[in-house]
Amino acid sequence: MTMSAGWYLRRLSRMGPREVGGRVGDTVRRRRWRSAPPDCPRVTGARFTAALPAGTIAAIPPDAAKRLVAEADRLMAGHAEYFGVVRDDLADPDWWYDPKTGRRAPSGYAFDVPYRNEDAAGDVKQIWELSRHQYLTVLAAAYAITGDERYAERVAEHLRSWWTGNPPLRGVHWISGIELGIRLLSWVWIRRLLDGWPGAAGLFEDNPVAVNQVWHHQRWLAAFPSRGSSANNHVIAEAAGQFAAACAFAWFPSSARWRFGALRSLERHLRENTFHSGLNRELATEYHGLVLELGLAAVAEADAAAVPVPASVRLVLLRMTDALAAVVDSRLRPPRQGDADDGHGLVVDGTGTDRWASLLATGDAVFGRLDWWPTVTGTDVRTPLLAALIRPFAKITTAPAVTRPASRPAHFADAGMTILRGPGEIWCRCDGGPHGFLSIAAHAHADALSVEVRHDGVDVLADPGTYCYHGQPEWRRYFRSTLGHNTLQWDGGDQSVSGGPFLWTRHARTRVLVADTSGASDGGTVRWCAEHDGYQRSVHRRRVELTAASQELRVVDEVHGERGPVRLAFHLGPAIAADLVGNRAVLSWTLDGEDRSAVLDLPGQLSWRAHRGETAPPLGWYSAGFGRKEPTTTLVGTGFADGVEGFTTVLGFRG
């Protein structure tokens, strides 16, 4: 996907003067570095002092350790899967190779690489993911747990290979700051987890090549931070990685300055990227998880190095953790909202470890769980590692008093998210929030007033997900579109106007009119109502009611303004079978060997049709994770809105 001149003009229009000035400075610096790259100062007497406290490894639960070692053994055999693509070449990887397209990224000066052009460089996400070196943190953790030096030797072999094959400022791995930041964080943890291995110092602090790489990564991040309209999760990854390295690898004359600047950036952007309620402002749930992981990892480095952290950093992470505990369903699954690219801040666990349960377990260890938090029964490796470094919130005498929610929040006014809950573990997310974060709303979808409904953790009315970022523009458009969500499309257009990948030029404005969740505790009816102005000549208003006694969800859509054609879509989860007759669909699925069912009565004014796995154009798809998609059933009703009567949909659960 090569960006056109028009895209760059639209992108420029979303920037302010300060951002434009900063980017001009970046361009000048890149040109200067092409001919005269900065030189790493000579380092002598470097030491690593940020080791894990004694007894930390022994605190790892045996089942979590077993999963980790099994994953490490698969990696040692060369096997892994990234974004739906199976790889069997990890014993000796080609760092510039994309297994999805079979292409290799071109070499040369980093900022000349056409990384957005899949025809020239391959799928850059596939290439970048391996070089985050998070699979090496898994191998390093396996060494720490077992003492088996095979894992440490493989880590050393791969790091030396990467450092040799990716010299500073050369090639695809020196383009994006988020990649450098996460890679630095991985290197810090690799060094920490290999601390008992006799070769650890020779791999890192006594290795001039490694020292040069660590310095150039930090120098790059100091020079080219994400700016202005791009200061989303990327800038937090950049700051967290640089801060971690400046704490753990404090070997350079600039280390104190880098540490101070990174911490200042981290504190500022954690606040700016987070609503007061604790939800992430990008309104993309996976990035909530990524930012929380990065923030916790940064605080761990600060406490390990005895570097004071502003109280606001811990307070934001506390609010984020409480918000996560509030919005998950009965199976600890959070909403599927906005973009998701399977990005993680720190990986030291094996397959089968629940990411969200792990974050809540860490939150419990660091902040303390509240009575209304859901119970976490799973185990993980990361929690005892982070908890060994992070000072418990209750023991920080300088921490300000904070009031945490006395009961489980259901409505997050600043984020426009409302969770309606009912019997039989009915969970319904209603979207009445801002279109996205900052002027470009990079990770937003055109999903205003959409609903997402689960029953005992099973997607019934599903958010279809993301699937891809680069290289497949038709699929990118579909998964971001209004028709791709459980909401109403008017006059064939999206509610918000896309200017291209990661860019929205006009944002629908949404306001919540009613959010009454008080009836949930006594088994009554909970209600939500909101509207948006994205169609300009017409206003879409939606009311949702969940009645406990009847286990019934009622959705009423109204369009006020000009008469026009509408399409109302309901995307079913991949486990749901549907039998559509007229305007009634009987839904069925199986959970834990038990048959479940529901009836979806659809508005009779519209003509209904079931779509599944269609490609021209795409319709009827579900993406469980980045790079993966599968057919599912989408019910679409077509007709006209005249502003006189609404469209009523009723979802009734049986039994």
Side-chain angles (χ1 to χ4, degrees), residues 83-84 233 279-293 320 323-344 354-357 359-360 374 412 415-421 425-437 441-469 475-476 478-487 544 553 569-576 589 591 618-634 651:
F83 310 136
N233 63 86
L279 291 178
N280 183 265
R281 285 186 181 270
E282 293 196 77
L283 294 174
T285 309
E286 282 211 3
Y287 289 113
H288 182 108
L290 173 64
V291 169
L292 181 53
E293 289 169 351
M320 291 183 71
L324 176 62
V327 301
V328 294
D329 65 19
S330 61
R331 305 266 173 154
L332 301 185
R333 293 180 62 217
R336 286 166 50 90
Q337 183 180 21
D339 273 348
D341 71 348
D342 295 0
H344 291 256
D354 187 296
R355 175 187 197 174
W356 308 105
L359 278 170
L360 290 176
F412 299 81
M417 182 187 293
T418 305
I419 306 295
L420 306 180
R421 298 178 188 269
E425 304 299 346
I426 300 172
W427 176 98
C428 173
R429 173 181 66 86
C430 301
D431 183 356
H435 174 62
F437 182 50
H443 291 298
H445 291 184
D447 56 357
L449 309 194
S450 63
V451 295
E452 184 184 2
V453 181
R454 300 177 192 158
H455 190 275
D456 202 7
V458 174
D459 291 312
V460 179
L461 301 182
D463 183 292
T466 298
Y467 177 55
C468 66
Y469 280 172
W475 289 100
R476 176 66 170 152
Y478 169 69
F479 278 98
R480 293 202 305 167
S481 70
T482 297
L483 186 62
H485 294 82
N486 297 315
T487 188
V544 179
L553 184 80
F570 291 106
H571 300 261
L572 307 182
I576 308 298
W589 65 98
L591 178 64
L619 186 59
W621 294 91
Y622 179 94
S623 174
F626 196 84
R628 302 186 295 276
K629 68 179 187 300
E630 60 185 300
T632 191
T633 300
T634 295
L651 174 62

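The distance from the CD1 atom of Ile426 to the OG atom of Ser330 is 11.0 Å, given to the nearest 0.5 Å. If you take CG on Asp329 and CH2 on Trp356, they are separated by 12.0 Å, rounding to the nearest 0.5 Å. Annotation: the span from His435 atom NE2 to Leu283 atom CG amounts to 10.5 Å, rounded to 0.5 Å. In this structure, the separation between CZ on Arg355 and CZ on Arg333 is 14.0 Å, given to the nearest 0.5 Å. Distance check, rounded to the nearest 0.5 Å: OH of Tyr478 to CG of Leu483 gives 6.5 Å. The distance from atom CZ of Phe479 to atom CG of Asp463, rounded to the nearest 0.5 Å, is 10.0 Å.
A side-chain donor-acceptor contact under 3.5 Å links Thr632 to the backbone of Gly573. Remark: the backbone N or O of His571 is paired with a side-chain donor or acceptor of Asn486 at under 3.5 angstrom.
Of all heavy-atom pairs between Thr466 and Ser623, the closest is N-CB, 4.0 Å. Here the closest heavy-atom approach between residue Gly484 and residue Pro464 is recorded as O-CG, 2.8 Å. Shortest non-hydrogen contact noted between Ala323 and Leu279 is CB-CD2, 3.9 Å. The two atoms that bring Ala357 and Leu332 nearest to each other are CB-CD1, 3.8 Å, heavy atoms only. Summarising the geometry of Thr487 relative to Ala448, their closest heavy-atom pair is OG1-O, 3.0 Å, with the distance given to 0.1 Å. Between Pro334 and Thr285 the shortest heavy-atom distance is CB-CG2, 3.5 Å.
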Q | Pair Arg476-Asp339, salt bridge (charged side-chain N to carboxylate O under 4.0 Å, His left out): steps then yes or no | A | CA-CA 10 Å; Arg476 176 66 170 152; Asp339 273 348; 2.8 Å; yes
(Q) If you apply the rule salt bridge (charged side-chain N to carboxylate O under 4.0 Å, His left out), what do you find for Arg331 with Glu425, and how did you get there? (A) CA-CA 9 Å; Arg331 305 266 173 154; Glu425 304 299 346; over 6 Å; no
Q. Given Phe437 and Asn280, is the side-chain contact (heavy atoms from CB on, under 4.5 Å) satisfied, shown in steps?
A. CA-CA 9 Å; Phe437 182 50; Asn280 183 265; over 6 Å; no
Q: Test side-chain contact (heavy atoms from CB on, under 4.5 Å) on Phe412 and Val327 and set out the steps.
A: CA-CA 10 Å; Phe412 299 81; Val327 301; 3.5 Å; yes
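For the side chain to side chain contact (heavy atoms under 4.5 Å, CB included) test, residues two or more places apart in sequence or in another chain that qualify with Asp341 are Lys125, Tyr287, Tyr469, Phe626.
Arg628 places a side-chain heavy atom less than 4.5 Å from the side chain of Asp342. The shortest distance between side-chain heavy atoms of Ile576 and Thr633 does not fall below 4.5 Å. The closest side-chain heavy-atom distance from Trp427 to Ile419 is below 4.5 Å.
Each of Glu286, Arg281, His288, Glu282 was scored for a side chain to side chain contact (heavy atoms under 4.5 Å, CB included) with Asn233, with one residue passing: Glu282. A side-chain hydrogen bond (donor to acceptor under 3.5 Å, both in side chains) with Glu452 is found for one member of Arg429, Arg336, Gln337 and no other, namely Arg429. Only one option out of Asp459, Leu461, Val458 pairs with Val453 in a side chain to side chain contact (heavy atoms under 4.5 Å, CB included); it is Leu461.
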